[in-house]
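First comes the structure, then the notes that go with it.
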Amino acid sequence: MAELLPSLPLETRCPPLPLRRYNGFWLPESVLTELPAIHARLRPRPSDVFLASFPKSGTTWLKALAFATAHRATHPPSDAGHPLRRMNPHECVQFMEMDPELRRDTGSLLEEFEQLASPRVLATHLPYCLLPESITAGEGAAARRVVYVCRNPKDAFISGLFFVKKVSSAYGAGASAGARAINLEEAFELFCEGRVFAGPQWRHVLQYWEASMRRPKQVLFLEYERMLRDPEATVKKLAEFMGCGFSKEEEEGGVVDEIVKLCSLKELKNMEVNMSGGNQAGVRNEAYFRKGSSGDWRNHLTPEMAKKLDKIVEEALQGSGFAFVDDAIM
């Protein structure tokens, strides 16, 4: 990969990190450099659950829900000392690829993962085609479980743009010519061309959706808009898929409701750690929480921009059988 990297198409207009195109997707150079180590050294366990998403598609919420659900026996959601009350969801569930925000190498992260007690919940923004075979191969007991969350591309774009503006300085993207602040119109054109982190977004989503159709017991496909509409049903589905379904006593005792409340945007956003804390790179925890709603793109995109993106996505998905949730009818 180190030898191949310089020959890959380069995109520097999309802050905060330079991107290279590999296997049809645009990814940070730092992530691509570490791919061989991930494929060679990641050792999944039967109880592992991998959370996958395109950036700013409900990742933080899914991490919180999955962590609270998987570890509810050790950490009851009503516990005042629950990890999610002391740490940001991204600290509780780390990305398996090198996290450029934390300036840490994949080798040390993989060693850290080995020390985690089962069941482990790990996360990734990698497209399905770049996941290690140790995750995507195998059937039955040998299969690894992947939970994917997708979001309407217009909302994913707007959420991503606001996030980039908040964190660019932490990545070193400041006033330099190549890292100047990007405006809405420029960012929109790059998104439409797929030249964004893990883009094109619709191809990223489609690969996981197709995997969920082929292997429904191994890949759970969630839609952010439907999660917002019925979070309790989402938590139950998530628990069943992860192999830790709720007992009748737990449901009657309100455990599902407690998890939903603990992981709600309002609850997480107002926790002290998420109002004042940050990571080693200087990204403040509050950057991960904005509106957490559906349809906010209407406050930022013109009707012409929305139609343009809808047409691009519709053409890209034609014949696939998949369509994004229309937030207008939710």
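The structure presented is a predicted model; accordingly, all values stated were derived computationally and were not measured. For this chain, numbers begin at 1 and follow the sequence in order.
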Asn299 and Asp296: side-chain donor and acceptor closer than 3.5 Å?
yes
Could you tell me how the ring of Phe322 sits relative to the ring of Phe324: parallel (under 30°), tilted (30 to 60°) or perpendicular (over 60°)?
perpendicular
Run the salt-bridge test on Glu223 and Arg151 with the 4.0 Å N-O cut-off and return the result as yes or no.
no
Phe157 and Phe191 aromatic ring geometry - parallel, tilted or perpendicular at 30°/60° bounds:
tilted
Say whether, by atom type as modelled, one donor and one acceptor occur between the side chain of Ser276 and the main chain of Val273 under 3.5 angstrom.
no
Taking Pro153's backbone N and O only, do any of them form a donor-acceptor pair with Trp202's side chain (distance below 3.5 Å, no angle check)?
no
What's the verdict on side chain to side chain contact (heavy atoms under 4.5 Å, CB included) for Ser53 and Leu62, showing C-alpha distance, side-chain angles and the deciding distance?
CA-CA 9 Å; Ser53 63; Leu62 179 60; 5.7 Å; no
Please determine whether residues Leu317 and Met213 belong to a single hydrophobic cluster, defined as Ile, Leu, Val, Met, Phe, Trp and Tyr linked transitively by side-chain heavy-atom distances below 4.5 Å.
yes
Any donor-acceptor pair under 3.5 Å from Glu29 side chain to Pro18 backbone
no
Within this structure, what is the CG-NZ distance for the pair Leu84 and Lys63, rounded to the nearest 0.5 Å?
11.5 Å
Of Tyr148, Phe50, Phe54, the residue whose pairing with Tyr208 passes ring-ring contact (aromatic ring centres under 6.0 Å, His included)
Tyr148
Measure the shortest side-chain to side-chain distance between Pro132 and Thr136 over non-hydrogen atoms and say whether it is less than 4.5 angstrom.
no
For the backbone of Leu27 and the side chain of Arg20, can you confirm whether one donor and one acceptor N or O come within less than 3.5 Å of each other?
no
Please check this pair: side chain of Asp155 against backbone of Gly295, looking for a donor-acceptor N/O pair closer than 3.5 Å.
yes
Evaluate the side-chain proximity of Lys307 to Lys311: yes if any heavy-atom separation is below 4.5 Å, no if none is.
no
Rounded to the nearest 0.5 Å, what separation is found between the OG1 atom of Thr302 and the NZ atom of Lys308?
10.0 Å
Counting N and O atoms only, with roles assigned by atom type, does the side chain of Asn270 sit under 3.5 Å from a partner on the main chain of Lys266, one being a donor and the other an acceptor?
yes
Which atoms form the tightest heavy-atom contact between Gly245 and Glu240, and what is the distance?
CA-OE2, 3.5 Å
Side-chain heavy atoms nearer than 4.5 Å, only ILVMFWY residues, links allowed to pass through others: does that put Leu4 and Leu10 together?
no
Is there a side-chain contact between Ser134 and Pro44 in this structure, where contact means two heavy atoms from C-beta onward sitting under 4.5 Å apart?
yes
Determine whether Leu42 and Met96 satisfy the following criterion, side chain to side chain contact (heavy atoms under 4.5 Å, CB included), listing intermediate values before the conclusion.
CA-CA 8 Å; Leu42 182 69; Met96 69 179 188; 3.7 Å; yes
How about Tyr224 and Asn152: do any of their side-chain heavy atoms sit closer than 4.5 Å?
no
Indicate yes or no for a side-chain donor-acceptor contact from Asn88 to the backbone of Asn274 under 3.5 Å, with no hydrogens or angles considered.
no
Sidechain-backbone polar pair: Arg144 side chain, Ser47 backbone, donor-acceptor under 3.5 Å:
no
Less than 4.5 Å apart, any side-chain heavy atom of Ile182 and any of Leu190?
yes
Tightest non-hydrogen contact, residues Phe241 and Pro216, listed as CE1-O, 3.9 Å
Taking 4.0 angstrom as the limit, do Asp310 and Lys154 come out as a salt bridge?
yes
Would you give the length of the straight line joining atom SG of Cys244 to atom CG of Leu238, rounded to the nearest 0.5 angstrom?
7.5 Å
Can the positive tip of Lys56 be found less than 6.0 Å from the middle of the six-membered ring of Phe197, inside 45° of the ring normal?
no
For Trp61 versus Pro231, what's the shortest heavy-atom pair and its separation?
CZ2-CB, 4.0 Å
Of all the heavy-atom pairs spanning Leu268 and Ala64, show the shortest one and how long it is.
CD1-CB, 4.0 Å
Working note: Leu51 + Val121, criterion side chain to side chain contact (heavy atoms under 4.5 Å, CB included); need CA distance, chi angles, decisive distance, verdict.
CA-CA 7 Å; Leu51 310 179; Val121 183; 3.6 Å; yes
Contact check, side chains of Asp257 and Lys261, non-hydrogen atoms, under 4.5 Å:
no
Can a salt bridge be assigned to the pair Asp48 and Arg120 using a cut-off of 4.0 Å between side-chain N and carboxylate O?
yes
Give me the atom names and distance for the closest heavy-atom approach of Gln201 to Ala156.
NE2-CB, 4.2 Å
Is atom CD of Glu189 surrounded by more than 12 heavy atoms (other residues, nucleotides or ligands) closer than 6.0 Å?
yes
Please determine if Glu250 and Arg72 form a salt bridge, counting it only when a charged side-chain N lies under 4.0 Å from a carboxylate O.
yes
Checking Gln94 against Leu122 for the side chain to side chain contact (heavy atoms under 4.5 Å, CB included) test, could you report, in this order, the C-alpha distance in whole Å, the side-chain angles of both residues, the deciding distance, and whether it holds?
CA-CA 6 Å; Gln94 296 189 56; Leu122 306 176; 5.7 Å; no
Main-chain N/O of Glu272 paired to Arg85 side chain as donor or acceptor, under 3.5 Å
no
Could you give the distance from CD (Glu210) to OG (Ser320), rounded to the nearest 0.5 Å?
6.5 Å
More than 12 foreign heavy atoms under 6.0 Å from CD of Glu133: is that the case here?
no
Rounding to 0.5 Å, atoms CD (Glu97) and CG (Leu32) come to a distance of 10.5 Å
May I ask whether Ile312 and Phe25 are part of the same hydrophobic cluster, defined by side-chain heavy atoms of I, L, V, M, F, W, Y residues being less than 4.5 angstrom apart, directly or through others?
no
Nearest 0.5 Å please: distance from the CG atom of Leu8 over to the CH2 atom of Trp26.
9.0 Å
Glu251 to Val256 - nearest heavy-atom pair and separation:
CG-CG2, 4.3 Å
Using ring-ring contact (aromatic ring centres under 6.0 Å, His included), reason through His300 and Phe162 one step at a time and then give a plain yes or no.
CA-CA 11 Å; His300 306 279; Phe162 275 95; 5.1 Å; yes
Can a salt bridge be assigned to the pair Glu267 and Lys269 using a cut-off of 4.0 Å between side-chain N and carboxylate O?
no
Has the side chain of Arg195 got a donor or acceptor atom that lies under 3.5 Å from a matching backbone atom of Leu19?
no
Any side-chain heavy atom of Tyr22 within less than 4.5 Å of one from Leu130?
yes
Close side-chain approach of Leu220 and Val146, heavy atoms under 4.5 Å:
no
